[in-house]
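For reference, the structure discussed in these notes is given below.
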Amino acid sequence: MMKKRYIAAIVVLIPLLVLFRFVRELRHDREQTFSVTKVVDGDTAELNGFDMVRLLGIDTPERGEPFYDSARSVLSSLVKGMEVELRFDYRRRDKYGRLLAYLYIDSLLVNAEIVRAGYARIYLFKGSFQNEVELPKLLEAQRIAMKNKIGIWNFGEDDEPYYIANNSTMRFHRPSCGAVQKLSESRKVIFDQRHFAYYDGYSPCRNCKP
Ligand SMILES: [Zn+2]
């Protein structure tokens, strides 16, 4: 008899504990603040001396590319030594174990500030397409930077007659790119200037580099 009660208690307790942990994780997602101990580049920083965070929704120049240093110093001036709040989106960590997050200092969205300064462009993954909190802010910041032609937005003339975007990956390509050959008509969006693709939140393919 005792044994049965014992088992019943466990059967009830375990799901409760799991639920409790789950709720705590959710709260944790919204509320925990971190201290930024190091800035690695324009979209990566170290938290609390050990954890890495990759800023979601944006892409900054790689080492050796123009504006690499500028992107890094803007992020540094905003967050280094500061307490930041992290907001997660579709996935908490990437395959390298880095946290994927939107960084906030009070109500300031740091990710959008790098874009606004002209040193990052929007770079989305599927899970972020439906984001209604940060995505509008990123788009607004990018449109301002484009309008002002600052940083990476002071680029040369279009060198293709048109560009082909994929509305399921949010990337755009040169017409000759291999990725375009396999693309179904329903996924295709044609832009006659790169400018319009960026304006709508598309980012350039990393292979054909349009
Ligand atoms: Zn391409």
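First listed ligand is number 1; within each ligand, the first listed atom is number 1. Residues take their numbers from the sequence shown, with the count starting at 1. Hydrogens, waters and symmetry mates are skipped; everything else that's a heavy atom, side chains included, is used.
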Under the ring-ring contact (aromatic ring centres under 6.0 Å, His included) rule, what do F172 and Y198 come out as? Steps first, then yes or no, please. CA-CA 9 Å; F172 70 96; Y198 283 123; 5.2 Å; yes

| Do the charged groups of D59 and R121 touch, with an N to O distance under 4.0 Å? | no

Next item on the list: Mind telling me whether F125 and Y123 have parallel, tilted or perpendicular rings, with 30° and 60° as the class edges?
Entry: perpendicular

One checks the Zn ion (ligand 1) and counts protein N, O or S atoms under 2.8 Å, reaching 4

The complete set of ring-ring contact (aromatic ring centres under 6.0 Å, His included) pairs with one or both residues in residues 48-82, sequence neighbours excluded, reads F67-Y119

By salt bridge (charged side-chain N to carboxylate O under 4.0 Å, His left out), R72 pairs with (sequence neighbours left out) none

In a table with atom names and distances, give each donor-acceptor pair under 3.5 Å that connects a side chain of residues 104-113 to protein atoms at least two apart or in another chain.
{"from": "Y104", "atom 1": "OH", "to": "E134", "atom 2": "OE2", "distance (Å)": "2.7"}
{"from": "N111", "atom 1": "OD1", "to": "L103", "atom 2": "N", "distance (Å)": "2.9"}
{"from": "N111", "atom 1": "ND2", "to": "L56", "atom 2": "O", "distance (Å)": "2.9"}
{"from": "N111", "atom 1": "ND2", "to": "A101", "atom 2": "O", "distance (Å)": "3.4"}
{"from": "E113", "atom 1": "OE2", "to": "R116", "atom 2": "NE", "distance (Å)": "3.3"}

